[in-house]
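What follows is a single structure, written as structure tokens, with notes after it.
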Amino acid sequence: MWTGTPGVDKNVVWATPVPLATVVATARATGCTVNDVLLTAVAGMLMTYLAERDERLDEVAWLLPVSLQPFGQGLPDELGNHFALVNFRMPLDIDDPAERVREIHRRTVRIKNSQETLITFGVQRAIAQSPQAMSVALTNFFANLTVGVLTNVPGPRGPVALAGTPVDAILGWAPSSGDQPMTICIYSYAGQVYLSLGVDATPIPDADRMTDLLEEEVGRLHRELVVTH
């Protein structure tokens, strides 16, 4: 369904902000992380979106940025990108939300406890330093093994201002490479979680439906894993 060469037309959409406290409560109730819960919500959204179109996939692969440095309260001494794009296979065949979040937690823990992130970072550096034609070809090759980039970035915990003007919200979109048809950016800021999607308009003409389903899925996870237990 999400294969082929992307077209020129793109759509960008974003969901209604979700209270971070809601996601944190779900994570604590399941013994998983906030990131696990949000990935579980994305998986549930994709499952419903596909089902509404009589489609089904057992799993889908994403490029998942994994930081090589811990996030601190302030800026590091030296700025720069220190992350690796790891291939994360997201299960889309687990209907039970509790079972799905446990499986996603198992897969993210495996990545964190393996050398895959460091190895991937080394490969990325080698690709970046290779001749341009080779670098582009290799970048597109690895990008085309996945449906897109799915990133979760923890932003400022409290409100910030820009030139004295308070910032109400922050939205972000991760870049895509090769023939990737979509990108999802999860960004937390001042107690809210913002979910933004960028999609190719040809295979995904109704991106607003994805954001609607994503909002519903976050609420469903909280109801079924926290409220009813």
Side-chain angles (χ1 to χ4, degrees), residues 1-7 10-15 32-66 83-112 114 116-117 120 139-153 172-187 193 195-218 220-221:
M1 180 177 182
W2 296 317
T3 59
T5 303
K10 310 294 180 182
N11 287 325
V12 292
V13 293
W14 54 93
C32 298
T33 67
V34 167
N35 187 58
D36 294 331
V37 172
L38 293 170
L39 293 181
T40 301
V42 171
M45 175 271 287
L46 293 176
M47 291 169 61
T48 303
Y49 183 85
L50 288 169
E52 291 178 348
R53 287 146 189 80
D54 296 323
E55 300 275 354
R56 180 180 175 85
L57 293 172
D58 290 337
E59 64 179 13
V60 65
W62 291 93
L63 282 180
L64 198 69
V66 178
F83 68 89
L85 289 169
V86 177
N87 188 305
F88 175 74
R89 307 197 70 84
M90 175 180 285
L92 300 183
D93 58 349
I94 305 176
D95 293 325
D96 181 68
E99 182 181 350
R100 191 189 323 136
V101 72
R102 285 194 297 267
E103 175 58 20
I104 286 180
H105 177 69
R106 185 188 69 80
R107 296 189 185 195
T108 57
V109 167
R110 184 199 64 78
I111 291 175
K112 293 175 184 177
S114 73
E116 184 175 350
T117 303
T120 303
T139 297
N140 289 341
F141 171 78
F142 287 109
N144 291 344
L145 297 177
T146 65
V147 73
V149 177
L150 173 53
T151 180
N152 181 9
V153 181
W173 286 270
S176 297
S177 301
D179 294 334
Q180 294 175 335
M182 75 178 84
T183 175
I184 298 178
C185 178
I186 303 169
Y187 194 91
V193 179
L195 305 148
S196 310
L197 285 80
V199 302
D200 186 74
T202 300
I204 309 172
D206 51 353
D208 286 335
R209 181 56 183 157
M210 282 190 165
T211 55
D212 290 342
L213 291 174
L214 199 47
E215 293 175 31
E216 293 173 7
E217 190 64 26
V218 173
R220 177 194 174 201
L221 292 175

Please check: side-chain N/O of [X] versus main-chain N/O of [Y], any donor-acceptor pairing under 3.5 Å?
{"X": "Q180", "Y": "S177", "answer": "yes"}
{"X": "R89", "Y": "A61", "answer": "no"}
{"X": "N144", "Y": "D179", "answer": "yes"}
{"X": "S196", "Y": "W173", "answer": "no"}

*Under 3.5 Å side-chain donor-acceptor pair for Y187 and N152*: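 No - no donor-acceptor pair under 3.5 Å links their side chains.
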
Any idea which heavy atoms bring [X] and [Y] closest together, and the distance?
{"X": "A43", "Y": "P91", "value": "CB-O, 3.7 Å"}
{"X": "C185", "Y": "G172", "value": "CB-O, 3.0 Å"}
{"X": "R56", "Y": "D58", "value": "NE-OD1, 4.2 Å"}
{"X": "P175", "Y": "V149", "value": "O-CG2, 3.4 Å"}
{"X": "P65", "Y": "L63", "value": "CD-O, 3.5 Å"}
{"X": "N87", "Y": "I111", "value": "O-CD1, 4.5 Å"}

When rounded to the nearest 0.5 angstrom, what distance separates [atom1] in [X] from [atom2] in [Y]?
{"X": "I186", "Y": "T151", "atom1": "CD1", "atom2": "OG1", "value": "8.0 Å"}
{"X": "D206", "Y": "N11", "atom1": "CG", "atom2": "CG", "value": "9.5 Å"}
{"X": "M45", "Y": "L195", "atom1": "CE", "atom2": "CG", "value": "9.0 Å"}
{"X": "I184", "Y": "L214", "atom1": "CD1", "atom2": "CG", "value": "6.5 Å"}
{"X": "L39", "Y": "W62", "atom1": "CG", "atom2": "CH2", "value": "10.0 Å"}
{"X": "L221", "Y": "T40", "atom1": "CG", "atom2": "OG1", "value": "6.5 Å"}

*Answer yes or no: does atom CH2 of W14 have more than 12 heavy-atom neighbours from other residues, nucleotides or ligands under 6.0 Å?*
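It does not: W14 CH2 has 12 such atoms or fewer within range.
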
*Non-neighbouring partners of D36 that pass salt bridge (charged side-chain N to carboxylate O under 4.0 Å, His left out), sequence neighbours left out*: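 Expected list: none.
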
*Who are the salt bridge (charged side-chain N to carboxylate O under 4.0 Å, His left out) partners of R107, not counting sequence neighbours?*
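By the salt bridge (charged side-chain N to carboxylate O under 4.0 Å, His left out) rule, R107 matches E59, E103.
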
[Y] and [X], any side-chain heavy atoms less than 4.5 Å apart:
{"X": "W2", "Y": "L57", "value": "yes"}
{"X": "R209", "Y": "D212", "value": "yes"}
{"X": "K10", "Y": "V199", "value": "no"}
{"X": "M182", "Y": "I204", "value": "yes"}
{"X": "V193", "Y": "L38", "value": "yes"}
{"X": "V147", "Y": "P181", "value": "yes"}

*With M47 as reference, evaluate D95, L213, I94, D93 under the side chain to side chain contact (heavy atoms under 4.5 Å, CB included) test and give the passing residue.*
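Looking at D95, L213, I94, D93, the match for M47 under the side chain to side chain contact (heavy atoms under 4.5 Å, CB included) is D95.
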
*R220/E217 ion pair, N-O < 4.0 Å*: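 Salt bridge present between R220 and E217.
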
*Test side chain to side chain contact (heavy atoms under 4.5 Å, CB included) applied to T183 and L150, step by step*: CA-CA 6 Å; T183 175; L150 173 53; over 6 Å; no

